[in-house]
Amino acid sequence: MSFVSVLSYFLGGYAALVAALYMLSAVIPVAGFAARSLASYISLVICAIYGAIASIILRLLGREQIAQWTTARAFKYVMALTTGVTFEVIDPKHHLATVRPAVFIGNHQTELDVLMLGCMFPKYCSVTAKKALKNVPFLGWFMSLSGTIFIDRKNSKDAREAMSGAAREIQKRKQSVYIFPEGTRSYSKEPELLPFKKGAFHLAVQAGVPIVPVVVANYSHVLYIRGLVFKSGKIPVKGA
């Protein structure tokens, strides 16, 4: 049996399982959590593969700075189709589109924040991520190819060097950076912020660029992992 056949059977079976769980969720709500979780994972893998290919092509064309933006938008539309979840960007002063370069900072709630980035991510911007993600198949490949700044939290010297490199990149190429200053997800059911780490602020000072806050409404009514809740919905996110 060829690889294409195996892949077709796998995707067909995966899609059938997700569809069955969606139908079952009408009587068993937790099935909706399982359906949207599975749909999210396959959406992430598909978009990561797309992102890796797009990053290679854009690098050859000298446009690698928009690799994360184009992949983010792809994830936005795929997730809207497969899960019914999206983020509504409220940016009346157009800070997200016009302030460049900058250090964007925002609150960190759950894994769904990846979709938040997909909806609001500006052009010519890259993210920071923990170094362990570099070794994750598909996602790590895309992140490495698209210019993600990896931070080794266990090695303060490496972290400082990564931040110094990011500051030089910001100054040289006018490349913005998005950082979650809390450093970890809160998973809170109520609006809450964890203590901020200093890295984002040191980076902004070192690069001499403004900090642009991004505020995401608490969305535990859409996704609350501890309660096995995962529903469709539109979540507001505001560029301050």
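Positions are given from 1 along the sequence.
In this structure, the salt bridge (Lys or Arg N to Asp or Glu O under 4.0 Å) partners of Arg173, at least two apart in sequence or on a different chain, are Glu64, Glu169. Residues satisfying the salt bridge (Lys or Arg N to Asp or Glu O under 4.0 Å) test with Glu192, not counting sequence neighbours, are none.
In terms of modelled atom types and a separation under 3.5 Å, the side chain of Gln68 and the main chain of Val127 share a donor-acceptor contact. In this structure, Ser220 contributes its side chain and Lys189 its backbone to a donor-acceptor pair below 3.5 Å. Formation of a donor-acceptor pair under 3.5 Å by the Glu88 side chain with backbone atoms of Lys234 is not found in this model. A donor-acceptor distance shorter than 3.5 angstrom exists from the side chain of Tyr219 to the backbone of Thr110, with no hydrogens or angles considered. A donor-acceptor contact shorter than 3.5 Å is absent between the side chain of Asn107 and the backbone of Val215. Here the side chain of Ser176 pairs a donor or acceptor atom with the backbone of Ala102 at under 3.5 angstrom. The backbone N or O of Gln175 lies less than 3.5 Å from no partner atom in the side chain of Arg100, so there is not a single donor-acceptor pair. A donor-acceptor pair is defined here as one N or O able to donate and one able to accept, closer than 3.5 Å; no such pair exists between the side chain of Arg36 and the backbone of Val229. At least one donor-acceptor pair under 3.5 Å links the side chain of Asn218 to the backbone N or O of Ser188. For the pair Thr148 (side chain) and Ser144 (backbone), a donor-acceptor distance under 3.5 Å is absent.
Listed here is the closest heavy atom pair of Ala67 and Ser55: CB-OG, 3.5 Å. Scanning all heavy atoms of the two residues, the minimum distance from Phe150 to Leu133 falls at CE2-C, 4.3 Å. For the pair Cys119 and Lys76, the tightest heavy-atom approach, listed with the atom from each and the gap, is SG-CG, 3.6 Å. Of all non-hydrogen atoms in Ala200 and Ile105, the two that sit nearest each other are CB-CG2, 3.8 Å.
No chain of hydrophobic side-chain contacts below 4.5 Å, direct or via other Ile, Leu, Val, Met, Phe, Trp or Tyr residues, connects Met79 to Tyr224. Hydrophobic clustering (side-chain heavy atoms under 4.5 Å, transitive across Ile, Leu, Val, Met, Phe, Trp, Tyr) keeps Leu44 apart from Ile49. Hydrophobic clustering, with ILVMFWY side chains joined whenever heavy atoms are under 4.5 angstrom apart, groups Val136 together with Val114. Met23 is not connected to Leu228 by any chain of hydrophobic side-chain contacts under 4.5 Å among Ile, Leu, Val, Met, Phe, Trp and Tyr, and they are in different clusters. Cluster annotation: Leu194 is not connected to Phe104 through the hydrophobic network of ILVMFWY side chains, with a link wherever side-chain heavy atoms come within less than 4.5 Å.
In this structure, Leu115 and Val85 have side chains that are in contact, with non-hydrogen atoms separated by less than 4.5 Å. Residues Ser5 and Ser2 have side chains in contact (heavy-atom distance under 4.5 Å, counting atoms from C-beta outward). Considering only heavy atoms from C-beta on, Phe230 stays 4.5 Å or farther from Ile225 through its side chain. Inter-residue side-chain proximity for Val103 and Pro210 is flagged as unmet; no heavy-atom pair is nearer than 4.5 Å. Residues Met116 and Ile235 are not in side-chain contact: their nearest non-hydrogen atoms beyond the backbone lie 4.5 Å or more apart. Using a 4.5 Å heavy-atom cutoff, the side chains of Lys238 and Val214 are not in contact. Within the 4.5 Å cutoff, no side-chain heavy atoms of Thr70 are placed close to those of Ile66. The closest side-chain heavy-atom distance from Ile46 to Val78 is not below 4.5 Å.
In this pair, Phe201 and Phe196 present their aromatic rings parallel. The plane angle is below 30°, not in the 30 to 60° band.
Taken to the nearest 0.5 Å, the CH2 atom of Trp141 stands 14.5 Å off from the OG atom of Ser146. How far CZ of Phe75 is from OG1 of Thr82: 7.5 Å, rounded to the nearest 0.5 Å. To the nearest 0.5 Å, atoms CZ (Arg59) and CG (Leu145) are separated by 6.5 Å. A distance of 5.5 Å separates CG in Leu117 from OH in Tyr178, rounded to the nearest 0.5 Å. Rounding to the nearest 0.5 Å gives a distance of 8.5 Å between CG of Leu203 and OG1 of Thr128. Here Leu38 contributes atom CG and Ser43 contributes atom OG; the two are 10.5 Å apart, rounded to the nearest 0.5 Å.
A donor-acceptor pair shorter than 3.5 Å can be found between the side chains of Tyr187 and Glu111. No side-chain donor from either of Ser37 and Ser40 sits under 3.5 Å from a side-chain acceptor of the other. The closest side-chain donor-acceptor pair between Ser186 and Gln109, if any, does not fall under 3.5 angstrom.
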Practice problem: Determine, stepwise, if the pair Tyr77 / Leu81 fulfils side chain to side chain contact (heavy atoms under 4.5 Å, CB included). | Solution: CA-CA 6 Å; Tyr77 295 118; Leu81 179 66; over 6 Å; no

Exercise. Run the numbers on Phe10 and Tyr14 for ring-ring contact (aromatic ring centres under 6.0 Å, His included), then give the verdict.
Key: CA-CA 6 Å; Phe10 170 77; Tyr14 200 101; 5.6 Å; yes

